[in-house]
Amino acid sequence: MTNDTIDPRSEARRHPDEKIPVLLALGLALQLACLVLPGAVMIPTVVFRAAGQPEDVLLWAVFASVAACGATTILQARRFGRIGSGYILAIGTSGAAIAVSIAALAAGGPALLASLVIVLAMVQFMFSARLSLFRRILTPTVTGTILMLTPVTIMPVMFEQMANVPSGTPPQASLLSALTTLVVITGISLAAKGRARLWSPVVGIIAGSTVAGMFGLYDIERIARASWIGIPRPVWSGLDLDFGIDFWVLLPAFLFISLVCTMQTISGAIAIQRVSWAGSRAVDFRAVQGAVAADGTGNLLSGLAGTMPLGFRPTGASMVEITGISSRSIGVALGAVLIVLAFIPKALAVILAIPGPIITAFVLVTMAAIFIVGMKLIIQDGVDYRNGLISGISFWIGAGFQSGAIVPVRGSGFADAFLQNGMLTGGVAAIVLTIFVELAKPRHRRIEAELDLSALRDIQEFISEFASQRGWGAQMESRLKAVCEETLLTLLQHAESGKDIGQRRLLLTARGEDRGAVLEFITSKGEENIQDRFALLGEASAGAMIEREVSLRLLRHLASSVHHKQYHDTDIVTVRVEPHGAGISRRI
């Protein structure tokens with residue numbers, strides 16, 4: 001789906017704080033629940049059965065997984081302090097953790113699994129707190145590529161669901177029910193306007209289920225068998241604190257899964273910001289940190305409950321792309337729906353009874369939107385030959401491993417599961433290539449000073465030495481000095497709303513890249529995003545210009561691009577300066 005197909009009235013409502021009717025939020029939340037619930041129920045069922053766990057342990061794990069998914073989804077939407085993104089981020093059971101969870105259960109039961117999941121959560125908390133250290137590795141190119149590989153990884157599994165029908169079913173039943181769902185959802189999404197388009201997934205699922213019911217595919221008996229209200233008997237085996245050999249053998253695998261889950265969450269948090277606002281805005285990495293911290297909290301809950309890890313589901317961004325509504329109340333409603341459904345087995349059964357072919361058609365539409373979101377993420381950050389090559393090579397490496405064309409492995413171990421996952425292999429390839437590019441860049445020069453106007457003299461001397469080392473003339477040196485001066489003034493104005501300005505430090509790094517220079521200013525936090533201020537300058541009239549905008553306007557004239565990343569307690573402004581000074585990039 002593209003923004004061109006979205007009704008302007010709906011597009012104008014793209015704001016996370018938008019107040020929408022309760023029924024609309026609930027309806028959209030139920031649609032998202034149709035995507036989240038099957039995985040949240042089926043994945044732990046498969047894992048605990050494969051590990052030979054008793055039925056009461058399995059039932060408790062499923063209940064705990066669904067409830068933890070709901071609680072974490074609410075936490076993501078509401079944003080409590082530094083925990084949560086403040087956007088619609090759907091949370092489900094992590095498919096990447098299937099192999100390692102089975103191994104942990106087989107080796108030490110739920111107690112060992114619980115201990116390892118808690119370690120995984122601690123690693124995510126560490127990533128959240130120090131995310132700025134990984135800014136050169138987890139770039140928009142890496143996260144966008146991972147998003148583009150999500151459909152490549154998910155759809156082969158979903159297409160297998162086309163054959164997940166009872167024996168004796170007519171051959172055409174699966175195709176007709178899936179085709180009906182796909183045609184109805186796509187037709188309404190492309191042709192309808194306003195509120196009618198918002199309900200296209202629900203109408204499509206109902207239409208497809210009706211066709212499936214004619215062939216006996218809809219599992220009505222499952223609904224009849226389920227009780228109305230119930231909770232499994234709590235089964236908790238505690239934590240394995242012996243830290244035996246099984247713990248240390250499995251720990252590296254769980255650390256890797258924590259990295260995978262973190263990468264997915266970062267990709268999702270960036271993507272949802274890109275589609276949640278009517279206008280273009282810079283990514284707020286404080287929200288990304290909050291998303292990772294919320295995931296860590298959810299995994300902490302999962303570990304304490306004795307169930308498997310949770311992970312990001314890319315359904316929130318696709319729903320916003322399709323509907324044009326990004327109100328965080330949808331995320332709150334989704335979390336509440338999941339928690340309520342955990343206590344209502346019959347309602348859970350209504351969703352789980354939907355045939356696999358219909359779910360496949362539904363997921364196909366959402367994955368199409370996710371692919372476009374990932375592609376936009378890469379393009380909006382600016383594509384040069386390096387980024388394009390990293391993304392292209394990584395994407396096809398992931399696709400090759402997913403299809404088995406590169407390494408035709410079909411085992412059940414952790415290594416085999418890794419080699420069969422295109423998102424993991426492609427993501428690792430993107431990270432490795434990004435690290436290689438960073439190592440191949442010229443060595444950085446750096447200077448540290450107090451964030452104060454008095455530091456300007458030392459900075460200018462530093463720039464003179466840097467320009468002389470690079471062999472640049474007086475014109476380029478003067479341009480670099482002017483950029484540093486205007487950026488310093490902008491940062492000082494940007495920090496006015498904070499406290500203890502005199503105690504803040506500034507770290508300036510400089511390096512040559514191609515024919516130009518890249519300056520990176522790292523300082524303590526501010527409130528506004530400088531990159532967004534550039535976008536607003538283009539809309540402000542001369543009469544409305546205020547004094548604090550002067551430095552921004554001069555900086556826009558001097559620099560070819562400016563990117564501002566905001567983290568908790570840290571601001572990073574990256575300025576690129578070309579010898580002839582192109583205008584600032586409009587891609588924010």
Side-chain angles (χ1 to χ4, degrees), residues 132-133 135-137 139-141 282 380-390 434-451 453 455-494 505-523 529-531 533-534 537 550-566 570-588:
S132 60
L133 299 178
R135 65 188 182 278
R136 291 194 178 95
I137 299 175
T139 63
T141 298
Q380 288 174 348
D381 189 62
V383 180
D384 56 21
Y385 74 93
R386 293 188 184 93
N387 294 342
L389 199 60
I390 290 173
T434 301
I435 292 175
F436 175 78
V437 169
E438 286 296 322
L439 293 176
K441 288 179 179 179
R443 188 173 62 89
H444 293 69
R445 293 179 59 86
R446 56 188 289 167
I447 181 175
E448 187 173 351
E450 186 176 344
L451 182 58
L453 193 58
L456 182 59
R457 180 176 179 180
D458 292 336
I459 291 175
Q460 289 185 334
E461 291 178 357
F462 166 78
I463 291 298
S464 295
E465 294 177 3
F466 171 67
S468 175
Q469 183 187 51
R470 297 289 299 179
W472 285 324
Q475 183 179 7
M476 183 63 172
E477 180 181 340
S478 299
R479 181 180 294 275
L480 289 172
K481 287 181 177 179
V483 165
C484 287
E485 181 177 354
E486 300 309 327
T487 304
L488 180 62
L489 291 173
T490 300
L491 287 171
L492 287 171
Q493 295 166 351
H494 181 66
R505 303 291 293 177
L506 170 67
L507 174 64
L508 169 61
T509 65
R511 73 171 189 272
E513 189 171 290
D514 298 330
R515 296 175 58 246
V518 177
L519 306 176
E520 188 174 70
F521 299 80
I522 305 174
T523 184
N529 189 285
I530 295 172
Q531 200 171 330
R533 293 296 303 165
F534 274 106
L537 283 178
V550 174
S551 293
L552 288 175
R553 292 181 181 274
L554 289 172
L555 183 58
R556 180 171 65 175
H557 175 72
L558 294 166
S560 60
S561 69
V562 177
H563 294 278
H564 183 192
K565 295 182 179 181
Q566 291 177 284
T570 304
D571 275 27
I572 301 172
V573 179
T574 304
V575 184
R576 182 176 179 86
V577 183
E578 298 289 353
H580 300 292
I584 185 171
S585 171
R586 295 294 177 182
R587 291 173 296 195
I588 297 177

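For this chain, numbers begin at 1 and follow the sequence in order.
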Checking side chain to side chain contact (heavy atoms under 4.5 Å, CB included) for the pair Ile390/Val437: CA distance, chi angles, key distance, verdict?
CA-CA 9 Å; Ile390 290 173; Val437 169; 3.9 Å; yes
Intermediate values then yes/no, side chain to side chain contact (heavy atoms under 4.5 Å, CB included), Leu488 and Leu451
CA-CA 8 Å; Leu488 180 62; Leu451 182 58; 3.8 Å; yes
Intermediate values then yes/no, side chain to side chain contact (heavy atoms under 4.5 Å, CB included), Leu508 and Ile459
CA-CA 8 Å; Leu508 169 61; Ile459 291 175; 3.7 Å; yes
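Across every non-hydrogen atom of Arg479 and Val577, the tightest pair is CD-CG1, 3.3 Å. Heavy atoms only, all atoms of each residue included: Ile447 and Asp458 are closest at CD1-O, 3.7 Å. Nearest heavy-atom pair, Gln460 versus Glu485, reported as atom, atom and distance to 0.1 Å: NE2-OE1, 4.2 Å.
Sequence neighbours left out, the pairs with a member in residues 467-477 that pass salt bridge (charged side-chain N to carboxylate O under 4.0 Å, His left out) are Glu477-Lys481.
Annotation: the span from Leu519 atom CG to Thr574 atom OG1 amounts to 9.5 Å, rounded to 0.5 Å. For the atom pair CZ of Phe462 and CD of Glu448, the computed distance is 12.0 Å after rounding to the nearest 0.5 Å. The distance from the OG1 atom of Thr523 to the CZ atom of Arg505 is 10.0 Å, given to the nearest 0.5 Å. With values rounded to the nearest 0.5 angstrom, Asp571 atom CG is found 11.0 Å from Leu506 atom CG. Between Ile463 atom CD1 and Leu456 atom CG the span is 10.5 Å, to the nearest 0.5 Å.
Listed by chain and residue number, Arg135, Leu507, Glu520, Thr570, Ile572 satisfy the side-chain contact (heavy atoms from CB on, under 4.5 Å) test with Ile522 (two or more places apart in sequence, or in another chain). Evaluation of the salt bridge (Lys or Arg N to Asp or Glu O under 4.0 Å) rule for Arg446 yields no partner, not counting sequence neighbours. Qualifying ring pair (Phe, Tyr, Trp, His ring centres under 6.0 Å) partners for Phe466, counting only residues two or more places apart in sequence or in other chains: Trp472. Judged as a side-chain hydrogen bond (donor to acceptor under 3.5 Å, both in side chains), and not counting sequence neighbours, the contacts of Glu465 are Arg445.
Residues Leu489 and Leu453 meet the side-chain proximity criterion, which asks for heavy atoms closer than 4.5 Å.
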